[in-house]
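Nothing fancy with the numbering, it's 1 onward along the sequence.
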Amino acid sequence: TTLTLDDLRTRLASARDVWDTFGTSSEEQADPLQFMQSALGSVRAADLTALPEHDFSAGRQLTSGDAGKPVLVIGDNRFVTAAGIGVGDFLTFEINGGEGLQAARGDVATVTFEVIGVTTQSGFAMDAPNYAPADAFPSTVPPTLTSIVAQVDKEQVAVLRQQLANMPGV
């Protein structure tokens, strides 16, 4: 079954008790679909040799056997749960949000992933809650964002800042 945005809106409306909890903002109440899309809207290209450690509410972590396969781990979220998205579902993403020259040509790249795991989320995390094998993305589409996180000894922070200041684009 392929669900349209209207199908997802209907699911979210019928499961209001799941996502409309204490502290839900007026924006979330007005358009829960927007918040569900935001929760799923970013997918990190994961290095299968250095996966984040998570607890799973359903399914499993990626493994080396998933290399090149269109599989995805998503972070648990009240809007995703209310929409009934979970292990075994397929999600199709437009790469780069269908913006710019690609969209003007009607040439928006898409990729479809099967959800194989749902992580429990608690607190603040530096890594994106949704991730797939790096080689599961089309090689013709560049990433929209590149991040590097480094652990630096306190004594070396000044040296690192000086070195980064000399790098273009940093």
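One hydrophobic cluster, built from ILVMFWY side chains closer than 4.5 Å, holds both Leu164 and Val152.
In this structure, the side chain of Gln61 engages the main chain of Pro52 through a donor-acceptor pair within 3.5 Å. Side-chain N or O atoms of Asn130 include none that pairs as donor or acceptor with a backbone N or O of Leu72 at under 3.5 Å. Of the possible donor and acceptor atoms, none in the side chain of Asp153 sits under 3.5 Å from a partner among the backbone N and O of Glu155.
Here the closest heavy-atom approach between residue Ala46 and residue Tyr131 is recorded as CB-CD1, 4.0 Å. Taking each heavy atom of Gly86 and Val115 in turn, the nearest pair found is O-CB, 3.4 Å. Residue Ala136 comes nearest to Val111 through the heavy atom pair O-CG2, 3.8 Å, listed as atom of the first residue, atom of the second, then distance.
Phe56 contributes atom CZ, which lies 6.0 Å from atom OG1 of Thr119 (distance to the nearest 0.5 angstrom). Rounding to the nearest 0.5 angstrom, the gap separating the CG atom in Leu91 from the CG atom in Asp89 is 6.5 Å. Taking CG of Leu51 as the start and OG1 of Thr63 as the end, the distance is 8.5 Å to the nearest 0.5 Å. In this structure, CG in Asp135 is found 11.0 Å from NZ in Lys69, a value given to the nearest 0.5 Å. Rounding to the nearest 0.5 Å gives a distance of 7.0 Å between CZ of Phe93 and CZ of Phe113. If you take NE2 on His54 and OG1 on Thr120, they are separated by 8.5 Å, rounding to the nearest 0.5 Å.
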(message) Apply side-chain contact (heavy atoms from CB on, under 4.5 Å) to residues Asp66 and Arg60 and explain how you reach the verdict.
(response) CA-CA 11 Å; Asp66 293 319; Arg60 64 175 178 83; 2.8 Å; yes
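Within the 4.5 Å cutoff, the side chain of Ile85 has heavy atoms near those of the Ile74 side chain. Counting only heavy atoms from C-beta outward, the side chains of Pro133 and Leu62 approach each other to under 4.5 Å.
Inspection of the Thr81 and Asp76 side chains reveals an N or O donor paired with an N or O acceptor under 3.5 Å.
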